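First up is the structure itself, then whatever we jot down about it.
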Amino acid sequence: MLIGAQPLASGPLAVALGSPYEPVYVVRGQAFNWRVRLLVDGVDLTGQVTGTLDVDREEGAAAVAGFVIYLPPGPVVPDDWKGKAVQLDFISRDRDGVITEARLFAGRLEMPEWDPTWRLLACDCSDQLQQRVEGMTIEAIDALTGGHWSADLFEPVTGRSRWDYAQERMESRPASLDCSPTGTVRVTNWAAAGMPHYVFGPGTTLFESVQIDLQPLGAATNRLEIDAAYRFPRLWQHVQGFGWQHPQYTGSGIPGFCAWRPWTSDLPTTEMIEDAISGAGLTLVGNVGGYKLPLSANDPCGDGVAWINTFDNLWLSAGASGARRWVQQVTERYTLLLTAPGGEDVATQVIARDSGNVAIESAQADEWEDGRPTGDGSVTDLADEVRRNSALLTLLWGGAVELLSAHRGTTLSWQVPTDLALGVDLVHTLRLEDRALAQGKCRRIQHQIDIESGTAITTISVAISRGGGVGDTLNVPPRPDTSLPPLGGSNPALPTQLGGRLNDPITGFPIPPYDDERLGFSGNWDAKDDLTAPDFPRRFKVNAVEIPDIYRDERTGELTAHYRVAIPNDLLEL
């Protein structure tokens, strides 16, 4: 769309927005002849217009227009007028005969009202911004709006309003979603350009039309405190190793067996060791290993004595590992502080607050404790850095936009003949040098064209941002430290206690009484030295190490990050 396409500039005309341009200087003392062209469904109804035509275009909202037309005698079905395409053009000719045309409105007729007495049809029209966005795909909305968006902070997109989704994305952009005068959906940035697109010089405004609507202090939020929480599961697997061997089993293999053989005794079975591990609340990792009691052999020790054994599950030396799994919840708490000038001083603070939460849910975490452990001890955080970054960036940019919006509440407006405002759009930066000295981004344009009185007046409003200061880059803060030192994984060698004798056959010392609390293996010597000697129960016992509460209870970490937000300082002198 061309801007500034009118002959009132004393300097070079502006070209397409975004390209290099020179300001258009609007000057007084011009005379014009003007007319309008109203097309409804492609039919020129200009000659049937009566009363006033009005157009209101404001950033972030659908443009609306209204007019009244006279319908000649004949049948009228007002409902058939709904949805008809409407185009309104303003055509101006200066005293040198140069003709300028500008589109003031493009949209559709939404609500007709019929006056049968005077045969007048009052038409309310809209550019249908919301409906047009509703018809867009998610991908098209993303490409149009940009911004940041987090599925953890908003409802799922499926089945929801596309307009609401677009507005959510726009919350993190200092910009507005609206339509051009020709009906193109676009994003309009709030920031005023350093160089104005149009300059309204002395004598260009209508008498007593310059108005200032100042923003109250309480509306200028300068401190935003955001409490954000990021929660995820931490998967723990603690593996505990156990080792045991018979005290007579010295050396290894057959030599160790031969050392044990002179004074035989009970030995633990594979099942006893497995049951001991499960009885301690652990899950066996892998298989029991070590050295089993050999099966029958003719002369295993070279002493001419045969060995008879038909049990293949007795152990002279055994090792096994048991594991536990549990899920610990980890919560990272962030205090994100955004301040504009004045927001760090208690005496001048105007505070607002916001919050956001991200909770990572995982089927892996739900199934973790019931799964079969593998490998060594481990700790795995089921964190999702992409989701954390997305949520925090959405909160940060949304907060910065809230502060920027809070400081552009002052509005300066003035009126000019519509001939002097042709080409002015919501995307433009405007400068006023008549009864005020100001420069800001165009916020609203209202055209009022009275056919009967022959007047065409345009009210122009600009947003004035005031604040200043310096700004920081809105980077995602680092994660607070929630780590824990690794847990120990092994016990010392398990002991042995054997009964069935009064005295130990190896050392000759009296055998201590049976201790039920003692870990390891308990059994009896095969050869008794006294019939009164008590027998010990045959069992294998292990204990799982105690897991400190700090490894099971919710783990939290906190971090505070401060960001300064620079506020544009637009020119305003009254």
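Predicted, not measured: the structure shown is a model, and the values here were computed from it. Numbering starts at 1 and runs along the sequence shown.
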How long is the gap from CG on L104 to CD1 on I449, to the nearest 0.5 Å? 5.5 Å
In terms of side-chain heavy atoms, does T473 have a donor or acceptor partner in N475 at a distance below 3.5 Å? no
Any pair counted as side chain to side chain donor-acceptor pair (under 3.5 Å), so long as it reaches residues 57-69, sequence neighbours left out: R57-D425, E59-R408, E59-K441
Flag the pair L403 / N222 as yes when at least one side-chain heavy-atom distance between them is below 4.5 Å, and no otherwise. no
Pair L572, I212 - check side chain to side chain contact (heavy atoms under 4.5 Å, CB included), show working. CA-CA 10 Å; L572 178 62; I212 184 72; 4.3 Å; yes
With distance as the sole test, does Q48 use its side chain to make a donor-acceptor pair with the main-chain N or O of Y70 at under 3.5 Å? yes
Output all residues satisfying salt bridge (charged side-chain N to carboxylate O under 4.0 Å, His left out) with D80, sequence neighbours left out; order by chain, then residue number. none
R387 with E385: basic N within carboxylate O range, under 4.0 Å: no
Using modelled atom types and a 3.5 Å cut-off, is there a donor and acceptor pairing between side-chain atoms of T410 and backbone atoms of L214? no
Residues P341 and V565: closest non-hydrogen pair is CD-O, 3.9 Å
Taking every heavy atom of P78 against every heavy atom of V76, the minimum-distance pair comes out as CD-O, 3.5 Å
Which pairs with one or both residues in residues 32-42 pass salt bridge (charged side-chain N to carboxylate O under 4.0 Å, His left out), sequence neighbours excluded? R37-D89, R37-E101, D41-K84
Report yes or no: does Q215 contribute a side-chain atom to a donor-acceptor pair with the main-chain N or O of A406 at less than 3.5 Å? yes
Would you say that I69 contacts L120 through its side chain, given a criterion of any heavy-atom pair below 4.5 Å between the two side chains? no
Distance (rounded to the nearest 0.5 Å) between T331 OG1 and E558 CD: 10.5 Å
Do T205 and R435 have side-chain atoms, one donor and one acceptor, less than 3.5 Å apart? yes
Does either side chain, that of S176 or that of T188, offer a donor lying less than 3.5 Å from an acceptor on the other one? no
Nearest heavy-atom neighbours spanning A365 and V327: O-CG2, 3.6 Å
I'd like to know if the side chain of R431 and the backbone of Q439 have a donor-acceptor N/O pair within less than 3.5 Å. no
Gap between atom CZ of R555 and atom OG of S483 - 0.5 Å precision: 7.0 Å
Rounded at 0.5 Å granularity, tell me how far OG1 in T204 sits from CG in L420. 7.0 Å
Measuring only between side-chain heavy atoms, which start at C-beta, is L396 closer than 4.5 Å to L336? yes
Taking C-beta and beyond as the side chain, do D434 and F200 meet within less than 4.5 Å on heavy atoms? no
Check the side chains of H407 and S465 for a donor-acceptor pair under 3.5 angstrom, ignoring hydrogens and angles. no
Please identify each residue that fulfils side chain to side chain contact (heavy atoms under 4.5 Å, CB included) with E344, with sequence neighbours left out. T339, H562, R564
Regarding Y334 and R388, do their side chains bring together a donor and an acceptor under 3.5 Å, going by distance alone? yes
Can you name the residues that form a side chain to side chain contact (heavy atoms under 4.5 Å, CB included) with A151, not counting sequence neighbours? W149
Tell me, do V40 and F67 make a side-chain contact under 4.5 Å, heavy atoms counted? yes
So how far is it from Y563 OH to L474 CG, rounded to the nearest 0.5 Å? 7.5 Å
Donor-acceptor pair, side chain of N569 and main chain of G467, under 3.5 angstrom: yes
R443 side chain to V462 backbone, donor-acceptor under 3.5 Å: no
Applied to residues 79-130, the ring-ring contact (aromatic ring centres under 6.0 Å, His included) test, sequence neighbours excluded, yields W34-F90
Treating T429 as the side-chain partner and P196 as the backbone partner, does any N or O pair qualify as donor plus acceptor under 3.5 Å? no
Enumerate the salt bridge (charged side-chain N to carboxylate O under 4.0 Å, His left out) contacts for residues 447-471, please, sequence neighbours excluded, ordered by first and then second residue. none
Report the residues that fulfil side chain to side chain contact (heavy atoms under 4.5 Å, CB included) with Q87, sequence neighbours left out, ordered by chain and then residue number. L39, R103
Taking all non-hydrogen atoms of both residues, which atom of T221 and which atom of I351 are closest, and how far apart? CG2-C, 4.3 Å
Can you tell me which residue pairs pass the salt bridge (charged side-chain N to carboxylate O under 4.0 Å, His left out) test with a partner in residues 190-206, sequence neighbours excluded? none
Can you list the residues that meet the side chain to side chain contact (heavy atoms under 4.5 Å, CB included) rule with D366, with sequence neighbours excluded? none
Look only at the side chain of D96 and the backbone of V98, and say whether a donor-acceptor pair between them is shorter than 3.5 Å. no
Do any N or O atoms from the side chain of T184 and from the backbone of S180 form a donor-acceptor pair under 3.5 angstrom? no
Using the rule given for side chain to side chain donor-acceptor pair (under 3.5 Å), can you reason through T482 versus R234, listing the C-alpha separation, both sets of side-chain angles and the distance that settles it, and then say yes or no? CA-CA 10 Å; T482 60; R234 174 171 289 168; 2.9 Å; yes
Modelled atom types, side-chain donor and acceptor of T52 and Q448, under 3.5 Å: no
Do W190 and S405 come within less than 4.5 Å of each other through their side chains, counting heavy atoms only? yes
State, with a plain yes or no, whether a side-chain heavy atom of T46 is found less than 4.5 Å away from one of V36. yes
Can you check whether T411's main-chain N or O pairs, donor with acceptor, with S461's side chain at less than 3.5 Å? no
Salt bridge (charged side-chain N to carboxylate O under 4.0 Å, His left out) partners of residues 345-358, not counting sequence neighbours, each pair once: E225-R353
Heavy-atom pair with the smallest gap, counting every atom of R132 and C179: NH1-SG, 3.9 Å
Heavy-atom closest contact (F32 atom, D419 atom, distance): CB-OD2, 3.4 Å
Side-chain donor-acceptor pairs under 3.5 Å in residues 154-166, sequence neighbours left out?
| from | atom 1 | to | atom 2 | distance (Å) |
| --- | --- | --- | --- | --- |
| R160 | NE | P156 | O | 2.9 |
| R160 | NH1 | E168 | OE2 | 2.9 |
| R160 | NH2 | E155 | O | 3.0 |
| R160 | NH2 | E168 | OE1 | 3.0 |
| R160 | NH2 | E168 | OE2 | 3.4 |
| S161 | OG | E134 | OE2 | 2.4 |
| S161 | OG | W163 | N | 3.2 |
| S161 | OG | D164 | N | 3.1 |
| R162 | NH1 | M136 | O | 2.7 |
| Y165 | OH | D142 | OD1 | 2.4 |
| Y165 | OH | R169 | NE | 2.8 |
| Y165 | OH | R169 | NH2 | 3.4 |

Taking the side chain as every heavy atom from C-beta outward, state whether V24 and V424 have any pair of such atoms under 4.5 Å apart. no
Just wondering, are more than 12 heavy atoms of other shown residues or ligands nearer than 6.0 Å to CG in L574? yes
Taking 4.0 angstrom as the limit, do R231 and E332 come out as a salt bridge? no
